[in-house]
Amino acid sequence: MKILVTGAYGQLGREMQLVEHNAEDSYIFTDKDTLDITDAAAVEQMVLSEGIDVVVNCAAYTNVELAEDEENIANVLNCVAVENLAVSMAKVGGVLIHVSTDYVFGGNVNNTPIAETESVNPTGAYGRTKLAGERAIAKSGCRAIVIRTAWLYSEFGKNFVKTLLEVTATQPKRKVVIDQVGTPTYALDLAEVIAHIINTRTFECGTYHYSNEGVCSWYDFAKEIASIAQHNQCDIRPCRSGEFPTKVIRPSYSVLDKGKIKKVFGVEVPYWRDSLVKCINNLKK
Ligand SMILES: NC(=O)c1ccc[n+]([C@@H]2O[C@H](COP(=O)([O-])OP(=O)(O)OC[C@H]3O[C@@H](n4cnc5c(N)ncnc54)[C@H](OP(=O)(O)O)[C@@H]3O)[C@@H](O)[C@H]2O)c1
């Protein structure tokens with residue numbers, strides 16, 4: 001099979017380049033300089049001329065805060081460009097594997113893991129544009145697997161783990177919010193799930209939730225990062241979100257229910273702390 005990975009130099013895209021692929025498959029890794037997915041003609045040309053069977057879309061507008069000021073720009077990448085991919089894949093009967101977010105939900109007030117069947121209710125621009133992307137895929141009629149994930153981090157790019165490693169190594173104290181609860185996702189684990197789907201040819205279309213296993217607050221996450229890195233000199237204190245007002249209303253509870261993806265694709269989901277240890281070790285290499 002011929003597989004096109006878009007946004008291949010972002011966090012998830014870089015991990016997609018590292019995971020094990022089926023030797024029979026050939027991969028084309030692109031980013032916006034080699035394939036700008038907002039360009040519908042370029043997308044179609046690539047899909048048709050290369051004979052693409054599967055697209056893994058790792059490209060996105062991911063700056064949640066800035067999206068509040070430039071929703072139109074975020075929408076071009078998170079919705080219009082996704083539609084370009086979906087329409088092209090519908091034309092050739094291929095499969096689009098697309099990544100979405102817990103921000104399509106406003107958070108679960110019942111504090112129970114959120115299933116794929118739960119009603120969507122984005123509270124900000126980023127979530128609205130990602131949801132619009134999901135809807136564009138559905139409208140295109142293309143064969144698609146949409147994986148919603150949350151709290152993504154990796155050894156690449158900018159993310160909470162890398163920021164906290166830096167902060168706890170250089171600063172004496174830090175406050176971190178304790179009233180937002182979810183589950184981190186190591187992008188390498190998500191990339192392995194996507195590779196597993198492709199390698200096993202289990203293209204069971206639909207929407208799925210994936211994060212690592214377990215539950216924590218950002219405060220617990222920060223404490224673990226410092227503890228694993230042995231940055232014990234930094235005093236990490238819990239605080240409420242109200243102490244750090246932001247433009248975005250972030251979900252207070254966004255633990256995703258992984259039952260469906262585990263059952264359909266037979267994947268094991270690693271515990272968040274184990275994956276965090278793995279990422280920090282990989283960062284040291
Ligand atoms: N990060 C999170 O916490 C999080 C949480 C939940 C879900 N997600 C979702 O997970 C997926 C992967 O996120 P990520 O953190 O890996 O994203 P990322 O690191 O921000 O990577 C996105 C990539 O897309 C590229 N890109 C930008 N414009 C493009 C264009 N016009 N055409 C092609 N590529 C373009 C970016 O290039 P430049 O850097 O050069 O702009 C970047 O390499 C996204 O769908 C995201 O919405 C992320």
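When reading the values below, keep in mind they use all heavy atoms of this one structure, side chains included, and skip hydrogens, waters and symmetry mates. As the structure lists them, so they are numbered: ligands from 1, and atoms in each ligand from 1. Throughout, residue positions are numbered sequentially from 1 according to the sequence presented.
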Legend entry - Close-contact set for ligand 1 against A60 heavy atoms, below 4.0 Å: 22 (C), 24 (O), 44 (C), 45 (O), 46 (C), 47 (O)

Legend entry - Donor-acceptor side-chain pairing of Q11 and Y186 below 3.5 angstrom: no

Legend entry - Location of contacts on S100 toward ligand 1, heavy atoms closer than 4.0 Å: backbone

Inset, instruction - Would you mind listing which atoms of ligand 1 come within a distance below 4.0 Å of any non-hydrogen atom of T38? - result: 31 (N)

Inset, instruction - For Y103 and R250, test the side chains for any donor-to-acceptor distance below 3.5 angstrom and give the result as yes or no. - result: yes

Inset, instruction - Give me the ring orientation class for H209 and F105: parallel if the planes are under 30° apart, tilted from 30 to 60°, perpendicular past 60°. - result: perpendicular

Legend entry - Nearest candidate to atom 27 (C) of ligand 1, where distance is taken over non-hydrogen atoms, out of L77, T6, N63, N78: L77

Inset, instruction - Can you spot which of W272, F221, F160 makes a ring pair (Phe, Tyr, Trp, His ring centres under 6.0 Å) with Y153? - result: F221

Legend entry - Heavy-atom nearest neighbour of atom 16 (O) of ligand 1 within options L12, L256, L35, N84: L12

Inset, instruction - Please lay out, stage by stage, how T183 and N212 fare under the test side chain to side chain donor-acceptor pair (under 3.5 Å). - result: CA-CA 6 Å; T183 319; N212 282 130; over 6 Å; no

Legend entry - Residue and atom name of the nearest protein heavy atom (relative to atom 3 (O) of ligand 1), distance in Å to one decimal: L152 N, 3.1 Å

Legend entry - E155 and K285 ion-paired at < 4.0 Å: no

Legend entry - Nearest neighbour in protein (non-hydrogen) for atom 10 (O) of ligand 1: V99 CG1, 3.3 Å

Inset, instruction - Flag yes if L188 and V5 sit in one hydrophobic cluster, no otherwise; membership is Ile, Leu, Val, Met, Phe, Trp, Tyr, and two members link when side-chain heavy atoms are under 4.5 Å apart. - result: no

Legend entry - Any S154 heavy atom less than 4.0 Å to ligand 1: no

Inset, instruction - Quick one: look up the protein heavy atom nearest atom 31 (N) of ligand 1 and list residue, atom name and how far away it is. - result: D36 OD1, 2.8 Å

Inset, instruction - Would you verify that at least one protein heavy atom lies under 4.0 Å from atom 41 (O) of ligand 1, or report that none does? - result: yes

Inset, instruction - Do me a favour and list the nearest non-hydrogen protein atom to atom 32 (N) of ligand 1 with residue, atom name and distance? - result: I37 N, 3.1 Å

Legend entry - Closest candidate by heavy atom, reference atom 35 (C) of ligand 1, pool Q11, K32, R148, K158: K32

Legend entry - For atom 6 (C) of ligand 1, closest protein heavy-atom neighbour: T149 O, 3.2 Å

Inset, instruction - May I ask you to identify the nearest protein heavy atom to atom 8 (N) of ligand 1, giving residue, atom name and distance to one decimal place in Å? - result: Y126 OH, 3.6 Å

Inset, instruction - For residues Y27 and F29, establish whether the separation of their ring centroids is below 6.0 Å. - result: yes

Inset, instruction - May I ask you to decide whether D25 forms a salt bridge with R201, counting only side-chain N to carboxylate O separations under 4.0 Å? - result: yes

Legend entry - Ion pair E213/K262, N-O distance below 4.0 Å: yes

Inset, instruction - For atom 22 (C) of ligand 1, grab the closest protein heavy atom and report residue, atom and distance to one decimal in Å. - result: C58 O, 3.6 Å

Legend entry - Where ligand 1 meets Y9 - atom numbers and elements under 4.0 angstrom, heavy-atom basis: 43 (O)

Inset, instruction - Give the atoms of ligand 1, by number and element, whose distance to some non-hydrogen atom of K130 is under 4.0 Å. - result: 44 (C), 45 (O), 46 (C), 47 (O)

Inset, instruction - Considering only non-hydrogen protein atoms, determine which one is nearest to atom 26 (N) of ligand 1 and report residue, atom name and distance to 0.1 Å. - result: D31 OD1, 3.7 Å

Legend entry - Side-chain H-bond candidate by donor/acceptor type, K258 with S211, under 3.5 Å: yes

